[in-house]
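This report refers to the structure that appears directly beneath it.
We're numbering straight along the sequence, starting at 1. Quick caveat: nothing in here was measured; it's all calculated off a predicted structure.
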Amino acid sequence: GGNGYSQHNLNDVYALDANTFTWTAIEYEGNPPDGRTGHTCSGLRNKLFVYGGWNHVKQFSDIHLLDLTTLTWSSMEVSTGMPRWTHSMITVESLPSWKIFVFGGRTPAGKDGHIRGEA
């Protein structure tokens, strides 16, 4: 994902081989997230979670999952509230289950809490 120099929002996935420092494009199945920038990606065991971001047209509050075993994308039905971008995200082993923490970033809400462009 991210923004290329041509200002096209991307939704591609690459893997870095830590032994050879060689990048390889990942061929995947399913429906990937829309191309975006300002999102975060965090790993948990054999899964990658992509959250938020924007694409110069809209801001996202969605979460997508790439299963690294099957290389298949899926959308998660999780309510995250208002859209968020340029934030931090990390997965942490916590009892009784793993947690994903999100910190900071930007939202489209003004000081009054209303999302810009909404009545």
Side-chain angles (χ1 to χ4, degrees):
N3 232 344
Y5 287 114
S6 61
Q7 297 298 308
H8 295 284
N9 293 292
L10 306 174
N11 66 350
D12 49 0
V13 179
Y14 283 81
L16 176 67
D17 182 316
N19 292 320
T20 64
F21 296 104
T22 304
W23 288 101
T24 303
I26 300 298
E27 299 290 328
Y28 50 78
E29 301 290 326
N31 295 318
D34 292 337
R36 60 189 65 203
T37 190
H39 58 284
T40 50
C41 182
S42 187
L44 173 61
R45 296 190 179 129
N46 63 345
K47 295 173 175 37
L48 287 179
F49 296 87
V50 172
Y51 169 54
W54 64 292
N55 68 4
H56 297 56
V57 175
K58 70 182 266 190
Q59 300 92 23
F60 298 100
S61 62
D62 54 359
I63 298 179
H64 295 267
L65 168 72
L66 178 60
D67 184 310
L68 297 175
T69 303
T70 63
L71 297 178
T72 302
W73 280 106
S74 59
S75 297
M76 298 183 65
E77 297 297 325
V78 177
S79 175
T80 61
M82 71 177 66
R84 182 183 300 255
W85 60 93
T86 63
H87 51 281
S88 302
M89 183 169 80
I90 188 170
T91 52
V92 176
E93 186 172 9
S94 177
L95 296 176
S97 63
W98 284 76
K99 305 246 187 304
I100 296 176
F101 292 91
V102 175
F103 175 79
R106 297 183 56 94
T107 67
K111 291 181 182 178
D112 60 0
H114 289 84
I115 296 177
R116 290 187 295 249
E118 285 187 349

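Distance OG/S88 to CZ/F103: 7.0 Å, rounded to 0.5 Å. Atoms CG and CG, on L48 and L68 in that order, are 4.5 Å from each other to the nearest 0.5 Å. For the atom pair M76 CE and F49 CZ, the distance stands at 5.0 Å (nearest 0.5 Å). Here CZ of F101 is found 5.5 Å from OG of S94. Values are rounded to the nearest 0.5 Å. Atom NZ of K99 and atom CD1 of I90 lie 14.5 Å apart (nearest 0.5 Å). Atom-to-atom distance recorded for H87:NE2 and T40:OG1 is 3.0 Å, nearest 0.5 angstrom.
Listed by first and then second residue, the salt bridge (Lys or Arg N to Asp or Glu O under 4.0 Å) pairs that reach into residues 49-64 are R36-D62, sequence neighbours excluded. Residue pairs meeting the side-chain hydrogen bond (donor to acceptor under 3.5 Å, both in side chains) criterion with at least one member in residues 23-35, sequence neighbours excluded, do not occur.
What you find for S61 and Y51 is that their closest heavy atoms are O-CE1, 3.8 Å. Nearest approach of L71 to L66, heavy atoms of both residues: C-CD1, 3.8 Å. Of all heavy-atom pairs between D17 and N19, the closest is OD1-N, 2.8 Å. Annotation for W85 and T107: closest pair CH2-C, 3.6 Å, computed over non-hydrogen atoms. Across every non-hydrogen atom of P108 and M82, the tightest pair is CD-SD, 4.5 Å.
Side chain of N11 to backbone of P33: a donor-acceptor contact under 3.5 angstrom is found. At least one donor-acceptor pair closer than 3.5 Å links the side chain of N9 to the backbone N or O of N55.
Legend: residues meeting side-chain hydrogen bond (donor to acceptor under 3.5 Å, both in side chains) with T80, ordered by chain and number and at least two apart, are absent.
Hydrophobic clustering keeps Y14 apart from I26 (ILVMFWY residues linked when any side-chain heavy atoms are closer than 4.5 Å, directly or through intermediates). Hydrophobic clustering, with ILVMFWY side chains joined whenever heavy atoms are under 4.5 angstrom apart, groups I63 together with L44.
Looking at R106, Q59, H39 one by one, the single match for side-chain contact (heavy atoms from CB on, under 4.5 Å) with W54 turns out to be Q59.
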